[in-house]
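Small disclaimer: the values here were computed from a predicted structure and weren't measured. Just so we're on the same page: letters track the sequence lines, and every chain starts at 1.
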There are 2 protein chains.
Amino acid sequence: MDPKIKHRLEARAKIIKAMAHPSRLFIVDQLARSAYCVCELQEMIGDDMSTISKHLSVLKNAGIIKDEKKGAQVYYSLRVPCAIKFFDCVEDVIKRNIEEQKMIAQ
Amino acid sequence: MDPKIKHRLEARAKIIKAMAHPSRLFIVDQLARSAYCVCELQEMIGDDMSTISKHLSVLKNAGIIKDEKKGAQVYYSLRVPCAIKFFDCVEDVIKRNIEEQKMIAQ
DNA sequence: ACCTCTATTGGTTATTTTACCAATTCGCCA
DNA sequence: TGGCGAATTGGTAAAATAACCAATAGAGGT
């Protein structure tokens with residue numbers, strides 16, 4: 001494979017990979033509505049705070065979210081509004097999968 | 001976290017995870033244009049055929065692509081047209097990341 | 001200055017993913 | 001029916017990911 005194309009694919013994969021985790025999807029979904037600090041997200045998700053912090057760093061490193069310090073807290077927000085559009089398509093796939101399941105079950 | 005929400009997030013993550021690999025992104029991109037058999041994709045990507053076959057099974061298992069036997073060959077095609085829309089948003093993120101890189105470099 | 005609350009980082013372990021090779025299955029044709 | 005090409009499956013080793021705990025860093029208040 002052409003190394004230039006390969007490099008582009010890797011860049012794309014990095015961004016998609018950053019979203020490819022239940023907690024990180026949840027975070028993106030929440031940040032699409034409003035900014036939250038780490039401890040708020042931690043309370044919603046329930047995992048250890050260090051785990052949440054690492055998820056946030058993955059998303060930030062991919063350029064999907066941004067952070068802003070406010071005193072002791074760090075508030076995160078969505079950097080790219082279109083990130084939510086992912087969900088529309090994903091839901092399409094899920095719907096289709098469920099429909100097909102029903103078809104087979106008949 | 002509410003188990004119902006958790007389950008939905010896992011379902012979404014599975015689909016996104018299926019896309020989160022350079023070769024699989026390439027495959028989706030190609031199949032968006034036309035159907036291809038495994039050996040054609042293998043030639044384009046260059047990895048072992050068993051590797052390609054496993055990538056295809058991941059995508060198929062997620063409901064993103066479908067397969068159709070034609071004699072000895074198996075042709076794969078996109079099952080969900082919107083899968084390409086992923087790329088638009090991903091490209092947005094990449095563009096922004098590059099812009100920011102330039103800003104910082106100044 | 002000290003304590004506390006918030007967040008990140010380092011370290012460890014368990015799990016998952018990936019890629020290759022080898023073996024097997026399946027269809028086709030001589 | 002024997003062999004060939006296409007594809008999948010099983011096995012294995014290396015690498016990446018994820019979650020926790022512990023330790024550290026910073027800000028704010030007392």
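- The ring-ring contact (aromatic ring centres under 6.0 Å, His included) contacts involving residues 19-74 of chain B comprise B/His21-B/His55, where partners must be two or more places apart or lie in separate chains.
- B/Asp29 is not listed as a side-chain neighbour of B/Phe86, based on a closest heavy-atom distance of 4.5 Å or more.
- Salt bridge annotation for A/Lys66-B/Glu100: absent, with no cationic side-chain nitrogen under 4.0 angstrom from a carboxylate oxygen.
- The side chain of A/Ser53 places no N or O atom within less than 4.0 Å of a non-bridging phosphate oxygen (OP1 or OP2) of C/dA7.
- Distance A/Asp48 CG to C/dT8 P: 13 Å, rounded to the nearest Å.
- Between the OH atom of A/Tyr75 and the C1' atom of D/dG26 there is a distance of 16 Å, rounded to whole Å.
- Heavy-atom distances to DNA chain C give each of A/Lys17 and A/Thr51 a nearest nucleotide, and the one nearer the 5′ end belongs to A/Thr51.
- Rounded to an integer number of Å, the gap from B/Glu10 CD to C/dT16 C1' is 14 Å.
- A/Met49 has its side chain within reach of A/Cys39: a pair of non-hydrogen atoms, C-beta onward, lies under 4.5 Å apart.
- In the set D/dT9, C/dT8, D/dA7, the nucleotide with an atom closest to the side chain of B/Ser50 is D/dT9.
- Taking atom NZ of residue A/Lys54 and atom P of nucleotide D/dA23, one finds them 15 Å apart after rounding to whole Å.
- Spacing between atom CG of A/Asp67 and atom P of D/dA27 amounts to 14 Å, rounded to whole angstrom units.
- Phosphate proximity of D/dT8 to B/Tyr76: present, with a side-chain N or O under 4.0 Å from OP1 or OP2.
- With rounding to whole Å, A/Lys69 atom NZ is found 12 Å from D/dG28 atom P.
- Following rounding to the nearest Å, B/Ile52 (CD1) and C/dT18 (P) show an atom-to-atom distance of 13 Å.
- When the C1' atom of D/dC4 is taken as reference, atom CE of B/Met49 falls 13 Å away, rounded to whole Å.
- Here B/His21 reaches the OP1 or OP2 of C/dA19: one of its side-chain N or O atoms lies under 4.0 Å away.
- Within 6.0 Å of atom CD in B/Glu43, 12 or fewer heavy atoms from other residues, nucleotides or ligands are found, so the atom counts as exposed in its surroundings.
- Side-chain proximity of A/Asp47 to D/dA7, D/dC20, C/dT6: nearest is D/dC20.
- For A/His55 and D/dT17, the shortest distance from a side-chain N or O to OP1 or OP2 is not below 4.0 Å.
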